[in-house]
Amino acid sequence: MEPKVGSGHLKTENIEDIKSIISSSFAVINPKIVCGILHLKQAAYLSIKAHEGNYNLAKEKSTEVLLYLTAQRQISKAIEIGGVNSENKSIAWVSFDKIPKNLGDLIEFDDSILSHKKFDYAAAKIDNNVLKKLNSEEKQKIIMARTATLPVQSR
């Protein structure tokens with residue numbers, strides 16, 4: 001099954017409502033770490049490939065996708081960086097199976113949240129002089145290259 005991705009604005013003030021739909025096949029992500037919908041799709045694809053190739057670092061694809069998005073090898077650090085908390089007003093999500101039936105009750109779908117043009121490239125620690133010389137697509141390619149080169153080893 002092809003992973004599905006998306007984003008939306010929260011309809012609830014209670015972040016625990018959002019966290020309750022997280023499962024082994026459904027990830028909820030802080031959209032600030034996502035550099036466009038292609039970045040999110042790439043991380044989902046890499047998570048699937050890691051599990052198929054038996055070089056996954058996390059037991060669940062939903063956690064593995066966070067490792068790729070944050071370019072971390074440590075699960076707790078990836079969750080700290082890319083997980084959702086009470087400050088989130090919107091989320092990104094990846095579904096590796098069925099989308100939770102109540103997702104539409106919890107968020108107002110809006111894929112513009114994931115625009116790579118809105119991404120904070122300074123948070124990615126790319127030299128400002130380099131950033132000034134690049135267009136938004138080139139900047140996105142740098143972020144996606146970091147995601148794709150997450151150092152992995154067979155277990």
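Model, not experiment: these values are computed from the prediction.
Tested against I107 for a side chain to side chain contact (heavy atoms under 4.5 Å, CB included), the candidates I113, I18, T12 yield a single pass: I18.
In the hydrophobic clustering of ILVMFWY residues, with side-chain heavy atoms under 4.5 Å counting as a link, L114 and I143 come out apart. Follow the hydrophobic side-chain contacts under 4.5 Å out from I37 and you never reach M144; the two are in separate clusters. In the hydrophobic clustering of ILVMFWY residues, with side-chain heavy atoms under 4.5 Å counting as a link, F109 and I21 come out together. Cluster membership check: I99 shares its hydrophobic cluster with I22, using side-chain heavy-atom separations under 4.5 Å among Ile, Leu, Val, Met, Phe, Trp and Tyr. The hydrophobic cluster containing V28 does not contain L69, counting ILVMFWY residues as joined when their side-chain heavy atoms lie under 4.5 angstrom apart, directly or transitively.
V65 and A44 get closest at one heavy-atom pair: CG2-N, 3.6 Å. The minimum heavy-atom distance linking G6 with D111 is given by the pair CA-OD1, 3.5 Å. Residues L103 and F26 approach most closely at CD2-CZ, 3.9 Å, considering heavy atoms. In this structure, V5 and K41 approach most closely via the heavy-atom pair CG2-CG, 3.6 Å. A pairwise comparison of heavy atoms in Q140 and Y121 identifies N-OH, 3.6 Å as the closest pair.
Screening residues 94-103 for side chain to side chain donor-acceptor pair (under 3.5 Å) gives no qualifying pairs among residues at least two apart or on separate chains.
By the salt bridge (Lys or Arg N to Asp or Glu O under 4.0 Å) test, E108 pairs with no residue at all, sequence neighbours left out. Taking E52 as the reference, K49 meet the salt bridge (Lys or Arg N to Asp or Glu O under 4.0 Å) condition, with sequence neighbours excluded. Scored by the salt bridge (Lys or Arg N to Asp or Glu O under 4.0 Å) test, K77 finds no partners at all (sequence neighbours excluded). For the ring-ring contact (aromatic ring centres under 6.0 Å, His included) test, no residue two or more places apart in sequence or in another chain qualifies with F96.
Distance SG/C35 to CZ/R146: 10.5 Å, rounded to 0.5 Å. Taken to the nearest 0.5 Å, the NZ atom of K61 stands 6.0 Å off from the CD1 atom of I48. Taken to the nearest 0.5 Å, the CG atom of N14 stands 9.5 Å off from the NZ atom of K19.
T63 places no side-chain N or O within donor-acceptor distance of the main-chain N or O of A58, the cut-off being under 3.5 Å. In this structure, the side chain of K32 does not engage the main chain of D120 through any donor-acceptor pair within 3.5 Å. No donor-acceptor distance shorter than 3.5 angstrom exists from the side chain of S47 to the backbone of A43, with no hydrogens or angles considered. A donor-acceptor pair under 3.5 Å is absent between the side-chain atoms of E64 and the main chain of K59, judged by distance alone.
A 4.5 Å side-chain heavy-atom check between N56 and L67 finds every atom pair outside the cut-off. Looking at L38 and H116, their side chains never come closer than 4.5 Å, going by heavy atoms from C-beta outward. Within the 4.5 Å cutoff, the side chain of K139 has no heavy atoms near those of the I142 side chain.
At most 12 non-hydrogen atoms from other residues, nucleotides or ligands lie less than 6.0 angstrom from OH of Y45.
When only modelled atom types and interatomic distance are considered, S112 and D110 share a side-chain donor-acceptor pair under 3.5 Å.
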Please list every donor-acceptor pair under 3.5 Å in which a side-chain atom of residues 79-94 meets a protein atom from a residue at least two apart or in another chain.
unit_1 : atom_1 : unit_2 : atom_2 : d
N85    : OD1    : E87    : N      : 2.8
N88    : OD1    : N85    : N      : 2.7
N88    : ND2    : N30    : OD1    : 3.3

Working for side chain to side chain contact (heavy atoms under 4.5 Å, CB included), residues H39 and T147: CA-CA 8 Å; H39 183 219; T147 301; 2.7 Å; yes
